[in-house]
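The structure appears below as structure tokens.
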Amino acid sequence: MEWMKPIASTEIPAGDEWLYEVKYDGFRCKLVWSVTNKITLISKNNHDITKNFPEVIQWCENNYKYFKNKLPLELDGELVILNHRYQANFAQIQNRGRLQNSDRIKKSANLRPATFMVFDLTELKGKKLHQSNLSLRKKYLYQLMQELTENEMIRCVESFTSISNVNEIVYAAKAEGIVAKKKKSTYQKGKQHNDWFKIKNWRLIHGILTAYNPSNGYFTVSVLKNNQPIHIGKCKHGLAKDTSQTVQRLFQDQGDFLDGIYYLPPAITSTIHTLDLYDHELREPEFKQITADIPYTECTLEKLQLDLAQLPHSIEVSNTDKYLWPNNYTKKDLLIYIREISTWMLPFLRQKALTIIRCPDGITEESFFQKNLPDYAPDYLSSTSSQENYIVCNHLKSIVWLANHGSIEYHIPFQRIGHVTPVEIAFDLDPPDREHFNLAVHAANLLKQILDELELVSFVKTSGNKGLQVYIPIREGSMTYDETFLFTEAIAKTLERSYPNDFTTERMKKNRNNRLYIDYVQHGKDKTLIAPYSPRMTKEGTVSTPLYWNEVVEDLDPTFFTIGNVVNRVHEIGCPFANYHDMHEQQDMKKMLRLVRG
DNA sequence: GAGAAAA
DNA sequence: TTTTCTCAACGCTGG
DNA sequence: CCAGCG
């Protein structure tokens, strides 16, 4: 098996002769598909990893009809487990690769299916394409894949011609990097070419050198956690030879020698570039330079977390140590949460006039609503399609700017700017208190049954406080607010009638008598609801969290989901609202409209 | 969190 | 110079 | 007309 490998580079080659791809963080892999319909996945070390990815093989067999005239065939790409379109989860694929037991593999494939991101075609109908140029190979590849829709298990890696476009995506998605490829290049073995370059998306961090091991040349890199140095990685390369020797000598002359390793108390600091911190260990660390001007006391775990977060350069953050949730989460935690969740949250804020709640001094201090953009705000937060002074949050830097200004809650209307009709219908299921959360679980499941019967695809999330909210995405312009009101009223009253002791549509609190309030009035023009993934002003730092319907069961605890664990949740089990946006167009609303319009 | 107004 | 103020919104209901 | 509600 021949592999063309990209050459590491720090600069992105520019010019018309280049194209650019997002570099996905997974297993480099070839998919070999024989005329006898035998499908094999081969890794870079020429290991057969087919048995670890049965879902990919199954997909191929299911789609045999698209490929049968093209065999035998050889696809080159990256086998990944996607967090989202541009971000692969390396930890997950590595985990999968280690599994041996076929039942566990099956379970994992079901829960977190892999995706084969194809970037090259080296054989088609048995004809080797190594000598064809990249543009032609890509053309054949796109022809081969054109019958398939976008969210398939085998997908084409997108090609970009603009460096700034690909840069922006790589930065926002915290992708592994960029691969630049020369359009005219042939497919060559190894690295003896100047046609493919990889430019990694390095994070620059600050660490303390606390130990040196002369037997292998590695320095131990630490940061301060509660004023104590903790190990974050080992690093060897990157320094100039004389600098490296000076530091080595320093350890050997002044360090404490124990079991073959020299130790020094915190003092020497260095900038280091790395891909990430994974399993308490820096990935691919390399020294940039020893920093005499940075005191070791600045090299803290908190600083490391901010450096790894890759906040937009243009935003200067402030007071990152301030506790916004007392004894719980600081502004640093909020900034990192918002930055990491942004790829899942931003699509719900897109082109909507926001109402935000700000708590610049924390949730226990003064808070205030804001829906007009202050004069001093950067103009990327304002609406280009409206004269009104709305706050619009379409980009990563917009939401990070808002977070730095103490924005905690993001409330959104149901229509987009410039439109008078909703893009979704919502039910707010509001129990009297957290002890009655089970009422919301019951109501949501009943609602789901009704909506299923109407053939409507619905989504459910926690409010982040004590209730649940159920959404039906609809096509923009397909219904007026008058019509959605009729619909939500009819459904809410039906639920109320069937369980009058549990549910009520009574607006006055004193008449509710510990029943769950089905708030269908809250759905309307100029009304808002908390956005998916928005943090809440609760002492736990809870988040309005999208759920899978099978999670809506008796022992569900909405206080479990916080800004401390929701990012990890979407990395591990994906986003339950992942196909929400497709459903605006795909929703079949015939039965509902018949109900409303008679 | 930051600009404007009031003290 | 220091302190304080402001930062949304609107229809509906019951008293 | 105002306070409460969301």
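A note on names: the letters A, B, ... follow the listed sequences, proteins ahead of strands, and every chain is numbered from 1.
Residue A/Asn372 places none of its side-chain N or O atoms closer than 4.0 Å to OP1 or OP2 of C/dC7.
In summary, the side chains of A/Tyr580 and A/Glu424 do present a donor paired with an acceptor at a separation below 3.5 Å, with no hydrogens or angles considered. Side chain to side chain, A/Thr269 and A/Thr291 meet the donor-acceptor criterion of an N or O pair below 3.5 Å. Inspection of the A/Asp557 and A/Thr559 side chains reveals an N or O donor paired with an N or O acceptor under 3.5 Å. With 3.5 Å as the limit, one finds a donor-acceptor pair spanning the side chains of A/Tyr329 and A/Thr562.
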Would you tabulate the pairs of protein nitrogen or oxygen atoms and nucleotide nitrogen or oxygen atoms of nucleotides 1-6 of chain C closer than 3.5 angstrom?
none

Please tabulate the protein-to-nucleotide N/O contacts below 3.5 Å involving nucleotides 3-7 of chain B, giving atom names and distances.
none

Determine, for nucleotides 1-6 of chain D in 5'-to-3' order, which nucleotides have protein heavy atoms under 4.0 Å from the base (write B), from only the sugar-phosphate (write S), or from neither (write -). ----BS
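Remark: P of B/dA2 and CD1 of A/Ile356 are 13 Å apart, rounded to the nearest angstrom. In this structure, A/Tyr390 places its OH atom 18 Å from P of C/dC7, rounding to the nearest Å. Between the NE2 atom of A/His523 and the C1' atom of C/dG11 there is a distance of 16 Å, given to the nearest Å. One can place CZ of A/Phe368 at 5 Å from C1' of C/dC7, the figure rounded to the nearest angstrom.
Separating the P atom of B/dA4 from that of C/dA8 is a span of 15 Å, rounded to the nearest Å. Taking atom C1' in both C/dA9 and D/dA3, one finds a spacing of 16 Å when rounded to whole Å.
Without hydrogens or angle criteria, A/Asn226 side chain to A/Gln228 main chain gives no donor-acceptor distance under 3.5 Å. Side-chain N or O atoms of A/Asn445 include one that pairs as donor or acceptor with a backbone N or O of A/Val441 at under 3.5 Å. Side-chain atoms of A/Gln370 do not come within 3.5 Å of backbone N or O of A/Arg358 as any donor-acceptor pair. In terms of modelled atom types and a separation under 3.5 Å, the side chain of A/His584 and the main chain of A/Val423 share a donor-acceptor contact.
Taking the charged nitrogens against the carboxylate oxygens, A/Asp25 and A/Arg283 do have a contact shorter than 4.0 Å, which makes a salt bridge.
Judged by closest nucleotide on DNA chain C, A/Asp526 is the one of A/Asn511 and A/Asp526 placed further toward the 5' end.
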